[in-house]
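Notes for the one structure printed next.
Remember, it's 1-based here, ligands and their atoms both numbered in the order they're listed.
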Amino acid sequence: MTLPYFKNLKRRHFIRLSLGTLISFLGDFLFSKVPCLSHTQQVLDDPNRDFSFEGSSTLKEGATAKNLIYGVSARQDHLRSDPEFAGRLTEEASLLVPEWALKWAAGDTLLRPSPSQFDFSAPDFMFKFATRHNLLVRGHALIWHDSLPKWFDDFVNHKNAQQVLEHHINTVVGRYAGKVHSWDVVNEAIAYDPRKSWRSDGLRNTAWLKYLGTDYIDLAFRTAAAADPNALLVYNDFGLDYDSPLHEAKRTATLRLLRHLKAKGTPIHALGIQAHLKGEATNFNPRKLQRFLHDVAELDLKILITELDVADKKLPAEVEQRDRIIAGIYEDYLSAVLSEPAVIAVITWGLSDRYSYLSEFKPRPDGKPVRPLPLDTNLKPKLAWNGIMRAFNSIP
Ligand code: 9MR
């Protein structure tokens, strides 16, 4: 354990923590439905931790001062209906990731209504918004096993898979060529748990793999490179952050895939690390993560933190304590990551707690609103915002 709080714990603290844990779990069991990991809270929460900082007044400025890009993801419906939110986004960020608009299908948005059709109304709106406000755009995501339209499974087969992949990438990447900072060309191609994969390379069992074999990844990158020679082409995945056998296996499989692609001459330029962090996790090891980042950088690849947020589902209800823990995680994680010079961008998965996918995907059992992002629901900076800013400022 390398978290600073943990290092300083003495034996008697452990005894107190274990007793505290027992009492807390008994309490939870008897009186409440809320899982309350009190030992974790004590490890992660330092009521005296200093989150002050000096300098920039927006995350965009703080990042730019260190030659970094700070960006956020957002849904087109939120930008359309909430000008106050849209305004804050343009103040804080210099890059926008459409959270839905460039997926084949997400929410009620269908980029691919049928095998022969494209509906560009949502992404066109996002690109117009970005141009008007001088924002870079990241394209997310071209080839993914998720967020596919209903017709996909019935329509795609061995015979047409290559044509479907090329047609999609040529049409979408071609339409926005020259306007995209980076594309997530392939998303989440490695199994959730590569140790349990039926393949030695740990690749996820997707329709693309089934019909096209391992080379679908190379094909996707080559097609994207031809359609937009200026975009940075990214492989994006999750589960790379912690000191656990699961994440270690994911890092190993990822490095293996990246090495394989580089050896083949695939036009891949960067790794995207999603970094959906967990508020209650105590197994973050900066040195292990930095080692991994270094190994990636040695392949002549850039690194982007692409979907950063901190889930608070298992954190205490009390807002001040919850915010402190979350802010500490933002600062510790980013300080570790940003010591690697190959990291060029930090993107949070949303900007304000007003709109986080976690409200739906990981709601709190006590029903209280989640607080995983830099701004609160009133669009005011929280301690998490300070934590990010402090990490930016700590870059030499
Ligand atoms: O935040 C996104 C949510 O609104 C969508 O319903 C979901 C399915 O398209 O995708 C969420 O974003 C995911 C991202 O595209 C890829 N990495 C994991 C993200 C959270 O699930």
Side-chain angles (χ1 to χ4, degrees), residues 71-82 85 89 93 95-113 119 122-123 125-126 137-153 168 172 180 182-193 204 206-208 217 220 233-242 246-247 250 254 270-279 281 303-313 333 345-363 369-375:
V72 302
S73 72
R75 277 167 40 179
Q76 73 279 359
D77 50 334
H78 295 151
L79 291 183
R80 273 198 167 111
S81 65
D82 189 343
F85 169 70
L89 187 151
L95 177 147
L96 174 66
V97 191
E99 192 169 333
W100 280 4
L102 285 164
K103 293 172 178 174
W104 295 50
D108 56 3
T109 309
L110 275 181
L111 174 63
R112 301 301 312 276
D119 176 355
F125 168 82
M126 295 303 254
V137 177
R138 256 177 71 60
H140 173 84
L142 293 169
I143 298 299
W144 189 20
H145 63 278
D146 200 328
S147 296
L148 292 168
K150 289 204 176 76
W151 54 261
F152 186 90
D153 280 346
H168 182 80
V172 179
V180 174
S182 49
W183 266 111
D184 286 336
V185 179
V186 178
N187 194 37
E188 303 175 5
I190 297 169
Y192 175 81
D193 186 347
R204 188 188 287 270
T206 70
W208 299 115
I217 301 178
L233 303 184
V234 182
Y235 173 71
N236 193 48
D237 215 327
F238 65 91
L240 300 163
D241 315 292
Y242 292 113
L246 177 64
H247 283 209
K250 193 81 180 240
T254 302
L271 171 67
I273 296 179
Q274 293 185 8
H276 290 291
L277 304 181
K278 290 180 182 172
I303 298 163
L304 295 86
I305 304 303
T306 50
E307 305 183 14
L308 179 61
D309 56 11
V310 181
D312 63 353
K313 183 179 177 180
Y333 185 83
V346 172
I347 294 125
T348 51
W349 206 239
L351 173 66
S352 151
D353 296 337
R354 194 181 279 190
Y355 305 115
S356 164
Y357 88 104
L358 290 167
S359 311
E360 189 192 331
F361 281 63
K362 287 190 184 178
V370 297
R371 302 179 63 83
L373 290 167
L375 305 186

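With hydrogens and angles disregarded, a donor-acceptor distance shorter than 3.5 Å links the side chain of Thr306 to the backbone of Ile273. Between the side chain of Tyr235 and the backbone N or O of Ala189, at least one donor-acceptor pair lies under 3.5 Å.
Of the options Leu79, Asp77, Asp82, a side-chain contact (heavy atoms from CB on, under 4.5 Å) to Tyr355 is made by Asp82 and by none of the others.
The ring pair (Phe, Tyr, Trp, His ring centres under 6.0 Å) check on Tyr333 picks up Phe284, with sequence neighbours excluded. A search for side chain to side chain donor-acceptor pair (under 3.5 Å) contacts involving Lys250 returns Asp237, not counting sequence neighbours.
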Between ligand 1 and the protein, which N/O pairs fall short of 3.5 Å?
{"residue": "ligand 1", "atom": "1 (O)", "partner": "Glu99", "partner atom": "OE2", "Å": "2.6"}
{"residue": "ligand 1", "atom": "1 (O)", "partner": "Trp349", "partner atom": "NE1", "Å": "2.9"}
{"residue": "ligand 1", "atom": "4 (O)", "partner": "Glu99", "partner atom": "OE2", "Å": "3.4"}
{"residue": "ligand 1", "atom": "4 (O)", "partner": "Trp100", "partner atom": "NE1", "Å": "2.9"}
{"residue": "ligand 1", "atom": "9 (O)", "partner": "Lys103", "partner atom": "NZ", "Å": "2.9"}
{"residue": "ligand 1", "atom": "9 (O)", "partner": "Ser147", "partner atom": "OG", "Å": "2.6"}
{"residue": "ligand 1", "atom": "10 (O)", "partner": "Lys103", "partner atom": "NZ", "Å": "2.9"}
{"residue": "ligand 1", "atom": "12 (O)", "partner": "Lys103", "partner atom": "NZ", "Å": "3.4"}
{"residue": "ligand 1", "atom": "12 (O)", "partner": "Trp349", "partner atom": "NE1", "Å": "3.3"}
{"residue": "ligand 1", "atom": "15 (O)", "partner": "Lys103", "partner atom": "NZ", "Å": "2.7"}
{"residue": "ligand 1", "atom": "15 (O)", "partner": "His140", "partner atom": "NE2", "Å": "2.6"}
{"residue": "ligand 1", "atom": "17 (N)", "partner": "Glu188", "partner atom": "OE2", "Å": "3.2"}
{"residue": "ligand 1", "atom": "17 (N)", "partner": "Gln274", "partner atom": "OE1", "Å": "3.1"}
{"residue": "ligand 1", "atom": "17 (N)", "partner": "Gln274", "partner atom": "NE2", "Å": "3.4"}
{"residue": "ligand 1", "atom": "17 (N)", "partner": "Glu307", "partner atom": "OE1", "Å": "2.7"}
{"residue": "ligand 1", "atom": "17 (N)", "partner": "Glu307", "partner atom": "OE2", "Å": "3.4"}

Side-chain donor-acceptor pairs under 3.5 Å in residues 139-148, sequence neighbours left out?
{"residue": "His140", "atom": "ND1", "partner": "Asp184", "partner atom": "OD2", "Å": "2.8"}
{"residue": "Trp144", "atom": "NE1", "partner": "Glu188", "partner atom": "OE1", "Å": "2.8"}
{"residue": "His145", "atom": "NE2", "partner": "Arg204", "partner atom": "NH1", "Å": "3.4"}

